[in-house]
Amino acid sequence: MSELPRKAVTRGAKLAALPLGFAGRATLGLGKRLGGRPADEVATELQERTAEQLFKVLGELKGGAMKFGQALSVFEAALPEDVASPYRAALTKLQEAAPPLPARSVHRVLAERLGKDWRSLFSEFEDKPAAAASIGQVHRAVWSDGRPVAVKVQYPGAGEALLSDLSQLSRVARLFGPLIPGMDVKPLLTELRERVAEELDYELEARAQHVHAQEFGGDPDIEVPDVVHQADQVLVTEWMDGVPLSEVISGGSQEMRDRAGQLLAHFLFAGPARTGLLHADPHPGNFRLLTDDGPASGWRLGVLDFGTVDRLPEGLPLPIGTALRLALAGDAEQVYAMLREEGFVRPAITLDADAVLDYLQPIIEPAGLDEFTFERAWMRGQAARIADPRSPAHQLGKQLNLPPSYLLIHRVTLSTIGVLCQLGATVRLRDELRDWLPGFDAGGAAESA
């Protein structure tokens, strides 16, 4: 494969085959059960085969298909264990790897974007990519001044592929129901599609990364590699080693999990407060745990990939912290009034304030405790409560609205919680909220919860 498959009809056919493949295997499974094989054995085999196909197609196509797979992977913790287990390994692979472009394609892009003498910019350049993701792949190199660098090269045809994939996936979104029970993927696909232009603009990404690198320079908890050079479709940044968060999830010690989780929560809230930007792509492939021989309290979080950010000049919106503080204090009427004012409850709809608070309290539980252990079982319980059509939470949730200005913040928060649950981390979330979330720490109200 010399570049992304570019013809919409080719990519569309491969994507459309995914749900058809799911259905075909289900029919095959029914036949095997009728033939006498145990139902659970057949179901496990079908799910494993589906997972293999999912990774193969989404990984090979890269583009929007890959981006969609990465977005799904952070919600894996919300799935019932019998569904999640076969998909977990395949989805996790999407966080760190994809089939790479061959060296000749990479050299062509570098020559076009950096000039025919592009090799003079580097004293060393590794043709084999160190990582390959949704719209680009990263090569390890040494800059001409001796600095180790990461060279991110955008795939040829990435823009066309992103739009084509996300449009195709939107058309068949309902067929992904059996894959991610209880999750509506259409809003996720819509939001990903609206961010295409930013995702492809390496100049925007370079500016966002440089702002973070400057703000967190010398920080004891967070490290962001600075930008070395940027050109159209090529971004060169300082190299950063560390343990990928996906490896911490799959095999890290509890000490590593807890420290990574605390740092991730810290960055979620400290980042917007300090930079006016929200890192909006929190899948594990974008983070590294920087360990050393010292105690875990000194380990740091490395943050990569600033291709998708939300611009929040005043930090996270004040109403989020205020409403959270009031909800923890049990003030149903004020919480309801704020939700109406911010557009979470449409003007034509009237809801019971106590019912709204009952809906929120299980979700905000981590913010009301000195420390909270994020577990897959807890997230599955929240997902099941909201997804079950028979539950009051489901009925109330359908009547709530998500204002556009909160859409990306909501997705990033949910995604981060999903990663915390994958880590199984014990986190002092309330400490981070007090320090960084506007409106949360007002007169010690949160402490009375």
Side-chain angles (χ1 to χ4, degrees), residues 70-71 73-78 84 88-89 91-97 130-131 133 150 209 212-213 215-216 218-225 239-275 278-306 366-367 369-379 411-433 435-437:
Q70 289 175 336
S73 71
V74 300
F75 295 108
E76 165 268 315
R88 185 170 297 143
L91 287 174
T92 299
K93 287 179 184 179
L94 287 168
Q95 297 167 349
E96 280 295 327
Q209 183 158 343
H212 280 84
E215 176 59 37
F216 287 100
D219 189 89
D221 296 315
I222 304 297
E223 179 172 329
V224 177
W239 181 266
M240 184 172 63
D241 287 310
V243 183
L245 212 58
S246 57
E247 292 184 15
V248 179
I249 289 171
S250 63
S253 67
Q254 193 59 50
E255 187 176 42
M256 295 175 72
R257 294 169 182 275
D258 291 345
R259 181 60 177 164
Q262 188 69 46
L263 292 171
L264 191 62
H266 172 68
F267 182 69
L268 170 65
F269 295 103
R274 293 177 59 175
T275 68
L278 174 68
H279 184 288
D281 195 7
H283 75 80
N286 289 337
F287 299 95
R288 302 286 185 268
L289 184 61
L290 309 180
T291 62
D292 54 31
D293 295 333
S297 59
W299 297 349
R300 294 173 299 149
L301 184 72
V303 186
L304 306 169
D305 198 338
F306 291 81
L369 301 172
D370 287 336
E371 63 178 28
F372 183 83
T373 300
F374 289 86
E375 297 176 324
R376 283 185 166 96
W378 175 79
M379 192 167 181
R411 179 173 73 81
V412 171
T413 303
L414 282 183
S415 298
T416 303
I417 291 172
V419 176
L420 293 175
C421 290
Q422 290 178 329
L423 284 165
T426 298
V427 174
R428 299 178 305 282
L429 182 64
R430 192 161 69 172
D431 288 351
E432 304 298 343
L433 298 173
D435 289 343
W436 303 108
L437 182 61

- Message: My understanding is that only residues two or more places apart in sequence, or in another chain, count here; which of them pass side-chain contact (heavy atoms from CB on, under 4.5 Å) with Leu304?
- Response: Pro225, Met240, Arg288

- Item | N/O donor-acceptor pair under 3.5 Å between His279 side chain and Val412 backbone | no

- Query: What heavy-atom pair brings Arg257 and Ile249 nearest, and what distance separates the two atoms?
  - Reply: NH2-O, 2.8 Å

- Message: So, taking the atom named CD in Gln254 and the one named CG in Leu423, what distance separates them when rounded to the nearest 0.5 Å?
- Response: 9.0 Å

- Is there a donor-acceptor pair closer than 3.5 Å between any side-chain N or O of Asn286 and the backbone N or O of Asp281? yes

- Message: Which heavy atom of Phe287 sits nearest to which heavy atom of Pro282, and what is that distance?
- Response: CE1-CA, 3.7 Å

- Task: Could you grab the distance from atom CZ of Phe374 to atom OG1 of Thr416, nearest 0.5 Å is fine?
- Result: 10.0 Å

- Message: Rounded to the nearest 0.5 Å, what separates atom CG in Leu264 from atom CD1 in Ile222?
- Response: 8.5 Å

- Task: Mind checking side-chain contact (heavy atoms from CB on, under 4.5 Å) for Arg274 and listing every partner two or more places apart, or none if nothing turns up?
- Result: Glu215, Phe216, Asp219, Ala270, Trp436

- Task: Give me the ring orientation class for Phe306 and His212: parallel if the planes are under 30° apart, tilted from 30 to 60°, perpendicular past 60°.
- Result: tilted

- Taking side chain as C-beta onward, heavy atoms only, is Trp299 less than 4.5 Å from Leu290? no

- Grab the two heavy atoms, one from Met379 and one from Cys421, that are nearest each other, plus how far apart they are. CB-SG, 3.7 Å

- Note on the structure: What one should report as the nearest heavy-atom pair of Ala425 and Gly261 is CB-CA, 3.9 Å

- How many angstroms lie between CD in Glu432 and CG in Leu437, if you round to the nearest 0.5 Å? 11.0 Å

- Item | Distance (rounded to the nearest 0.5 Å) between Gln262 CD and Leu301 CG | 11.5 Å

- Take Trp378 and Leu420, measure what side-chain contact (heavy atoms from CB on, under 4.5 Å) needs, and give me the verdict at the end. CA-CA 11 Å; Trp378 175 79; Leu420 293 175; over 6 Å; no

- Message: For Arg428, is there an ion pair with Asp258 - N to carboxylate O distance below 4.0 angstrom?
- Response: no

- Query: Under a 4.5 Å cut-off applied to non-hydrogen side-chain atoms, are Phe269 and Leu429 in contact?
  - Reply: yes

- Find the distance between CZ (Arg259) and NE2 (His266) and round it off to the nearest 0.5 Å. 8.5 Å

- Which heavy-atom pair separates Val243 from Met256 by the least distance, and what is that distance? CG1-CE, 4.1 Å

- Message: Donor-acceptor pair, distance only, cut-off 3.5 Å: does the side chain of Arg300 make one with the backbone of Leu263?
- Response: no

- Note on the structure: What one should report as the nearest heavy-atom pair of Ala265 and Val427 is CB-CG1, 3.9 Å

- Query: For Asp370, which residues count as a salt bridge (Lys or Arg N to Asp or Glu O under 4.0 Å) partner, sequence neighbours excluded?
  - Reply: Arg430

